[in-house]
Student: 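First the structure, which I've put down as structure tokens, then a few questions once you've had a look.
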Amino acid sequence: GHVGVVVQSHGSGEVWGLAVHPTKQIAATASSDRSVRLWDLAGAVMDGGVTLKSPALCADFHPNGSHLAVGCLDGSVLVLSPNLQQVHAMRDNAAQVQVVRFS
């Protein structure tokens, strides 16, 4: 018979952040395993991922879906493109970033 993947995960890490794209059926997860992953909600499959230098705690899509902001345990905030390339990085202090939001 046919064998298929039912669920993919972050492996050993816990998912700490979730953001849903404003116009597409895509979600992003932020994890303690230092990864940010994109998920195709319609197809129920992982659609990409990137490994960061620090565990990722939270994420938020820009209101138009053009970028993804990620807050990290080391106090950094990263702005990623739709294909998860780093566009901008900042670090104001060493305190962990628990919430990120575009305004």
Side-chain angles (χ1 to χ4, degrees):
H2 173 72
V3 176
V5 175
V6 176
V7 175
Q8 291 178 313
S9 72
H10 278 265
S12 63
E14 296 176 358
V15 174
W16 288 339
L18 172 69
V20 178
H21 194 280
T23 60
K24 299 178 182 175
Q25 290 194 11
I26 296 172
T29 51
S31 176
S32 64
D33 68 3
R34 300 182 304 122
S35 71
V36 172
R37 299 183 191 214
L38 293 179
W39 302 91
D40 174 348
L41 299 176
V45 294
M46 188 175 71
D47 196 32
V50 63
T51 301
L52 308 176
K53 294 179 183 176
S54 176
L57 300 179
C58 53
D60 188 40
F61 279 103
H62 186 276
N64 70 13
S66 63
H67 293 89
L68 178 70
V70 179
C72 298
L73 187 67
D74 69 357
S76 62
V77 174
L78 308 174
V79 178
L80 307 176
S81 68
N83 62 353
L84 300 179
Q85 298 296 311
Q86 184 175 307
V87 175
H88 187 71
M90 63 191 101
R91 186 171 174 188
D92 193 23
N93 57 45
Q96 63 190 23
V97 179
Q98 296 180 351
V99 177
V100 289
R101 292 289 181 261
F102 283 96
S103 61

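Count residues from 1 along the sequence.
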Student: Could you tell me which residues satisfy side-chain contact (heavy atoms from CB on, under 4.5 Å) with K24, sequence neighbours excluded, listed by chain and number?
Tutor: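 Here the qualifying residues are H21, I26.
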
Student: Report the residues that fulfil side-chain contact (heavy atoms from CB on, under 4.5 Å) with A42, sequence neighbours left out, ordered by chain and then residue number.
Tutor: Q25, D40

Student: So, taking the atom named CG in L78 and the one named CG in L84, what distance separates them when rounded to the nearest 0.5 Å?
Tutor: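 The CG atom of L78 sits 11.0 Å away from the CG atom of L84.
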
Student: Filter on ring pair (Phe, Tyr, Trp, His ring centres under 6.0 Å), then keep only pairs touching residues 75-94, sequence neighbours left out; what's left?
Tutor: none

Student: For residues 55-70, tabulate all N or O donor-acceptor pairs below 3.5 Å that involve a side-chain atom, not counting sequence neighbours.
Tutor:
{"from": "D60", "atom 1": "OD2", "to": "F102", "atom 2": "N", "distance (Å)": "3.1"}
{"from": "H62", "atom 1": "ND1", "to": "N64", "atom 2": "N", "distance (Å)": "3.1"}
{"from": "H62", "atom 1": "ND1", "to": "N64", "atom 2": "OD1", "distance (Å)": "2.9"}
{"from": "N64", "atom 1": "OD1", "to": "S66", "atom 2": "N", "distance (Å)": "2.8"}
{"from": "N64", "atom 1": "OD1", "to": "S66", "atom 2": "OG", "distance (Å)": "2.7"}

Student: List for me each residue that meets side-chain contact (heavy atoms from CB on, under 4.5 Å) alongside S81, sequence neighbours excluded, and say none if there are none.
Tutor: N83, Q85, V87

Student: What's the separation between atom CD in E14 and atom CG in D33, rounded to the nearest 0.5 Å?
Tutor: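 With rounding to 0.5 Å, CD (E14) is 10.0 Å from CG (D33).
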
Student: If Ile, Leu, Val, Met, Phe, Trp and Tyr residues are connected whenever their side-chain heavy atoms lie under 4.5 Å apart, and connections chain through other members, are L73 and V36 in the same group?
Tutor: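 No, L73 does not connect to V36 through the hydrophobic network.
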
Student: Provide the closest heavy-atom pair for K53 versus R34 in the form atom of the first, atom of the second, distance.
Tutor: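 Result for this residue pair: O-CD, 3.7 Å.
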
Student: Using the side-chain contact (heavy atoms from CB on, under 4.5 Å) criterion, which residues pair with D74? Sequence neighbours excluded.
Tutor: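 By the side-chain contact (heavy atoms from CB on, under 4.5 Å) rule, D74 matches S54, C72, S76, R91.
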
Student: Which hydrophobic side chains are connected to M90, either touching it within the sub-4.5 Å cutoff or through other members that do?
Tutor: V77, V97, V100

